[in-house]
Undergrad: 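The structure follows.
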Amino acid sequence: MTEHDSRRADPDRAPALPPVADRAAFQAELDKLRVREKAHTREGDAIAAARRRLPMVEVAADLELTGPDGPVTLLDAFEGRRQLIAYYFMWHDGHDAAGQCEGCTWVTTQVQELSYLHSRDITYAVFCQGPYEESRRYRDFMGWEVPWYSALPSHDELLVGRHVGMMHLVCYLRDGDRVYETYWTTLRGVEAMDYSYALMDLTVYGRQEPWEDSPSGWLRGQGTPADHVGLRSNGRPIPQWSRIEAGRSDDLTPRP
């Protein structure tokens, strides 16, 4: 059993439980919560509407990226579509696969089906902040099929005014051959890519993270900064284990 598996409910260990009610009382409490949920949804819609009304800033369309066939431009990464969402993947130079960012691995693993984005004239791509050949081997080890570039040639210009090396989610708009940045976010803002947290938030024990406001006795993770709760198990980002078990090599050393 892995460390992650051990977090599952143990039949010999009784965690705290919610109070038991009959169906009518349960539904009455849920109905009260639903009012807040609907307000939250409407506020999210209002924030999205405000986001659509932000001004934009021009970015040099010829900023260089590295792709599978060598140097390309930011404009090329649009793949001819009008909009581009770029996830700036953190990279730990000199580390093996197990030492790469667990948070970036978490969210990138969950972006798979791109056809819905494409139907709205949106391209999605990862702009890794590490060297192309090394980071591409990580992409291949993980089995990701999303477009992948190295932002190293231009990341200082692409992330001007921000913390280079940190995770970022950035939206761009193309008008002919000119490129504009329309939105960016970082840290918990990149949860927009995630569905696992959203589903966990629906459950009684939630994310099981120490910062959550939960009743006394609720299940909690035992993570440390070196082995972040919910993102790593036995020293690796969680989804790496299935790749290891499938026999994939996690050696990131570029081949000559």
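As a basis for the values below, the full set of heavy atoms in this structure was taken, side chains included, without hydrogen atoms, waters or symmetry mates. Please read these numbers as outputs of a predicted model, since none were measured by experiment.
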Undergrad: Using a 4.5 Å cut-off on heavy atoms from C-beta on, say whether the side chain of Leu159 contacts that of Gln129.
TA: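 Contact flag for Gln129/Leu159 side chains = yes.
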Undergrad: Less than 3.5 Å apart, any donor N or O on the side chain of Gln110 or Ser196 sitting next to an acceptor on the other?
TA: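 Yes, Ser196 and Gln110 have a side-chain donor paired with an acceptor closer than 3.5 Å.
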Undergrad: Say whether, by atom type as modelled, one donor and one acceptor occur between the side chain of Ser154 and the main chain of Glu64 under 3.5 angstrom.
TA: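 Indeed, once roles are kept as given, a pair shorter than 3.5 Å links the two residues.
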Undergrad: Checking salt bridge (charged side-chain N to carboxylate O under 4.0 Å, His left out) between Asp250 and each of Arg243, Arg137, Arg236, Arg139, which is the one that passes?
TA: Arg236
Undergrad: Name the atoms and distances for all side-chain donor-acceptor pairs under 3.5 Å in residues 19-38, with sequence neighbours left out.
TA:
unit_1	atom_1	unit_2	atom_2	d
Asp22	OD1	Ala24	N	3.3
Asp22	OD1	Ala25	N	2.8
Gln27	NE2	Asp31	OD1	2.9
Glu29	OE2	Lys32	NZ	3.2
Arg34	NH1	Glu37	OE1	2.7

Undergrad: Which of parallel (below 30°), tilted (30 to 60°) and perpendicular (above 60°) describes Trp91 and Phe89?
TA: tilted
Undergrad: Is a donor from one side chain sitting under 3.5 angstrom from an acceptor on the other, for Gln240 and Tyr138?
TA: yes
Undergrad: Supply the atom-to-atom distance Glu79 CD to Asp121 CG, rounded to the nearest 0.5 angstrom.
TA: 11.5 Å
Undergrad: Do we see a donor-acceptor contact under 3.5 Å between the side chains of Tyr197 and Glu209?
TA: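 Per modelled atom types, Tyr197 and Glu209 side chains form a pair under 3.5 Å.
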Undergrad: Are the side chain of Ser150 and the backbone N or O of Gly130 linked by a donor-acceptor pair below 3.5 Å?
TA: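 Indeed, once roles are kept as given, a pair shorter than 3.5 Å links the two residues.
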Undergrad: Does any non-hydrogen side-chain atom of Pro147 lie less than 4.5 Å from one of Leu114?
TA: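 Of all side-chain heavy-atom pairs linking Pro147 with Leu114, at least one is under 4.5 Å.
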Undergrad: Sub-3.5 Å donor-acceptor pair from the side chain of Thr123 to the main-chain atoms of Leu84, do we have one?
TA: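 Not a single qualifying donor-acceptor pair exists.
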Undergrad: Can you tell me how far the CG atom of Asp140 sits from the CZ atom of Arg248, to the nearest 0.5 Å?
TA: 9.0 Å
Undergrad: Roughly how far apart are His155 NE2 and Leu65 CG, rounded to 0.5 Å?
TA: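 Going from the NE2 atom of His155 to the CG atom of Leu65 covers 11.5 Å.
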Undergrad: Would you say CD of Glu145 has more than 12 non-hydrogen atoms from neighbouring residues, nucleotides or ligands within 6.0 angstrom?
TA: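 At most 12 heavy atoms, drawn from other residues, nucleotides or ligands, come within 6.0 Å of this atom.
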Undergrad: What class does the angle between the rings of Phe78 and Tyr172 fall in, given that below 30° is parallel, 30 to 60° is tilted and above 60° is perpendicular?
TA: perpendicular
Undergrad: Listing request: all ring-ring contact (aromatic ring centres under 6.0 Å, His included) pairs with a residue in residues 107-136, at least two apart in sequence or in separate chains.
TA: Tyr88-Phe127, Phe127-Tyr149
Undergrad: Strictly distance-based, threshold 3.5 Å: is any side-chain N or O of Glu43 a donor or acceptor partner for the main-chain N or O of Ala39?
TA: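 Such a contact is absent between Glu43 side chain and Ala39 backbone.
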Undergrad: Show your working on side-chain contact (heavy atoms from CB on, under 4.5 Å) between Met200 and Tyr205 and close with a plain yes or no.
TA: CA-CA 8 Å; Met200 290 176 192; Tyr205 293 123; over 6 Å; no
Undergrad: Do the side chains of Thr66 and Pro131 get nearer than 4.5 Å, heavy atoms only?
TA: no
Undergrad: Pair Cys171, Gln83 - check side-chain contact (heavy atoms from CB on, under 4.5 Å), show working.
TA: CA-CA 7 Å; Cys171 297; Gln83 299 181 83; over 6 Å; no
Undergrad: Given side-chain contact (heavy atoms from CB on, under 4.5 Å), test Leu54 with Thr182 step by step and report yes or no.
TA: CA-CA 7 Å; Leu54 289 171; Thr182 62; over 6 Å; no
Undergrad: Using every non-hydrogen atom in the two residues, find where Ser216 and Ala16 come nearest and quote the distance to one decimal.
TA: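 For Ser216 and Ala16, the tightest heavy-atom pair comes out as O-CB, 3.8 Å.
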Undergrad: Indicate yes or no: does Arg162 engage Glu181 in a salt bridge with an N to O separation below 4.0 Å.
TA: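 Answer for the salt bridge query: yes.
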Undergrad: Short question: side chain of Glu134, backbone of Leu252 - any donor-acceptor pair under 3.5 Å?
TA: no
Undergrad: Got more than 12 heavy atoms from elsewhere within 6.0 Å of CG, Asp177?
TA: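 It does not: Asp177 CG has 12 such atoms or fewer within range.
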Undergrad: Go through the steps to decide whether Glu212 and Asp201 satisfy the test side-chain contact (heavy atoms from CB on, under 4.5 Å), and finish with yes or no.
TA: CA-CA 10 Å; Glu212 286 181 287; Asp201 285 343; 4.3 Å; yes
Undergrad: Keeping His168 on the side-chain end and Met166 on the backbone end, is there a donor-acceptor pair under 3.5 Å?
TA: yes
Undergrad: Using a 3.5 Å distance criterion without hydrogens, assess whether the side chain of Arg174 forms a donor-acceptor pair with backbone atoms of Gly80.
TA: yes
Undergrad: Is Arg82 atom CZ crowded by more than 12 heavy atoms from other residues, nucleotides or ligands, each under 6.0 Å away?
TA: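 Not buried by this count: 12 neighbours or fewer within 6.0 Å.
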Undergrad: Are Val204 and Trp218 close enough that some pair of their side-chain heavy atoms sits under 4.5 Å apart?
TA: yes
Undergrad: Could you grab the distance from atom CG of Leu63 to atom CG of Asp76, nearest 0.5 Å is fine?
TA: 11.5 Å
Undergrad: Would a hydrophobic clustering, with Ile, Leu, Val, Met, Phe, Trp and Tyr connected at side-chain separations under 4.5 Å, put Val111 with Val107?
TA: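 Cluster IDs for Val111 and Val107 match.
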